[in-house]
Asks: 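Pasting a structure here, questions to come.
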2 protein chains.
Amino acid sequence: MNQDAILKSLIADNLVSDPSGARGRLLREAAGLFRDKGYERTTVRDLAAAVGIQSGSLFHHFRTKEEILKAVMVETIRLNTALMQSAVDAAESNADKLRALIRAELESINGQTGEAMAVLVFEWRSLSESSQEEVLKLRDIYEALWLEVLEALRTEDVLAADPFVVRRMLTGALSWTVTWFRPDGGLSLDDLTSQVMGMMGMKQFL
Amino acid sequence: MNQDAILKSLIADNLVSDPSGARGRLLREAAGLFRDKGYERTTVRDLAAAVGIQSGSLFHHFRTKEEILKAVMVETIRLNTALMQSAVDAAESNADKLRALIRAELESINGQTGEAMAVLVFEWRSLSESSQEEVLKLRDIYEALWLEVLEALRTEDVLAADPFVVRRMLTGALSWTVTWFRPDGGLSLDDLTSQVMGMMGMKQFL
DNA sequence: GAAGATACCAAGCAAGCGCTTGGTTTGTAA
DNA sequence: TTACAAACCAAGCGCTTGCTTGGTATCTTC
């Protein structure tokens, strides 16, 4: 199943909003504004203007401003979990699965969903505690995918460090690419993936 | 020169505020509040209350709220650059220097200056562009330290990936520890340093 | 002990914020 | 055509925000 098919199936199940619909368009614009200006500095008037309606009309679609932030995060995690799952399933060896996970995460951070992923990293504290818990549960599914692969590699002795620690280091390292990586800068996402594998001492799997 | 002596020398040169003085105390409290609540959600009334004065009185010490954020960042970079420099100077081999840098950065992120370092990472966008430029210049000095060591290791063929990319990955990975590492969790900073070295395939230098 | 700087308070202003309200337009289905 | 809901507008309320103002203690220096 390719990326487009996965997205369509999620839309059909009402798990993510259709980007061409009103709600989907707003979430897209919101992700962009939240990343560029930060959640707090983005006003409901900014959000409304971005989709061409009055600020009050926003509250017909969402009850609060925070609900918009939460929706951005939830839908992004849902989509990326599905993409990750399919990337892992398609790979054979554990080293290949790791490579696929790294590649997929880099794609999600620096590709189409990049703005929303940046929001997920940098605007976390703007979520209320109850919303944080909710989002955390979704993240756990996502994280389980990684740990399974990393633990297998540890068992194979390909990995010298603790899988939990490695995953957390990778989370930081890959998230951070959003602050410096530019696809037009002579380094492709595939190159970057190889660099990460190489940095991890997995030269033999480049 | 030990850490305390470095701090004192910076204070003497007026590059860092004395933590026992009024300005230093405010910056310390500000770093904590900015990390916990974010810069935008922290009001000048919060800041004033934290040091026991009226909100208006803040503006006797700083002209704007943003100036407080900038001061937190600038002084933190100054201190940590000095600490890094001394850590590198004390090490012999390049692998040892790398280890010292990693250990020092983990210390700065998870130790005394941890709150301020978290602010540096997560509140970057709240700085005006002109302030960002100013802070960036200070960061360059700091980064040059890392690159020198990483480039030497690349030449020695101990490192398989590009030094620039590695440094950026490490920046992300180490910064991210602030979100999950707890010194009381059975893993010490030394353990963590070893895990990072191990993850980089530098098993032989553990 | 006078003088001047430094540190602070009490009060409040102007602007911007999230969100509400009452009413109008647009879409949908019988 | 009618009936009803969904989508939207225009206006603005109540509150919080960063910051200012005019005045008063407190410290320092000769």
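Bear in mind that the values here come from a model prediction, so they are computed numbers and not experimental data. Just so we're on the same page: letters track the sequence lines, and every chain starts at 1.
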Asks: So does R154(A) pair up with E148(A), basic N to acidic O under 4.0 Å?
Replies: no
Asks: Between the side chains of E66(A) and S131(A), does any donor sit under 3.5 Å from an acceptor?
Replies: yes
Asks: Is any side-chain N or O of R45(B) under 3.5 Å from a base N or O of dG18(D), one able to act as donor and the other as acceptor?
Replies: yes
Asks: State plainly whether the residues R103(A) and E107(A) are in salt-bridge range, i.e. N to O under 4.0 Å.
Replies: yes
Asks: Got a sec? Which of residues 37-44 of chain B come in under 4.0 Å of DNA chain C, heavy atoms?
Replies: none
Asks: If you find the nucleotide of DNA chain C closest to K65(A) and the one closest to A22(B), which residue's nucleotide is nearer the 5' end?
Replies: A22(B)
Asks: Does the distance from a Lys or Arg side-chain N to an Asp or Glu carboxylate O, for R125(B) and E123(A), drop under 4.0 Å?
Replies: yes
Asks: Is there a residue in residues 51-64 of chain A whose heavy atoms reach under 4.0 Å of DNA chain C, and which residues are they?
Replies: S55(A), G56(A), F59(A), T64(A)
Asks: Got a salt bridge between R168(A) and E143(A), using NZ or NE/NH1/NH2 to carboxylate O under 4.0 Å?
Replies: no
Asks: Ring of Y39(A), cation from K65(A) - is the NZ or CZ under 6.0 Å from the centre and inside 45° of the axis?
Replies: yes
Asks: Before giving the answer on side-chain contact (heavy atoms from CB on, under 4.5 Å), spell out for Y142(A) and E105(A) the whole-Å C-alpha distance, their side-chain angles and the decisive distance to 0.1 Å.
Replies: CA-CA 11 Å; Y142(A) 185 99; E105(A) 191 154 298; 2.8 Å; yes
Asks: Rounded to the nearest angstrom, tell me the gap between atom CG in D46(B) and atom C1' in dC19(D).
Replies: 15 Å
Asks: We want to know whether S17(B) and R28(B) form a side-chain donor-acceptor pair, criterion being a heavy-atom distance below 3.5 angstrom.
Replies: no
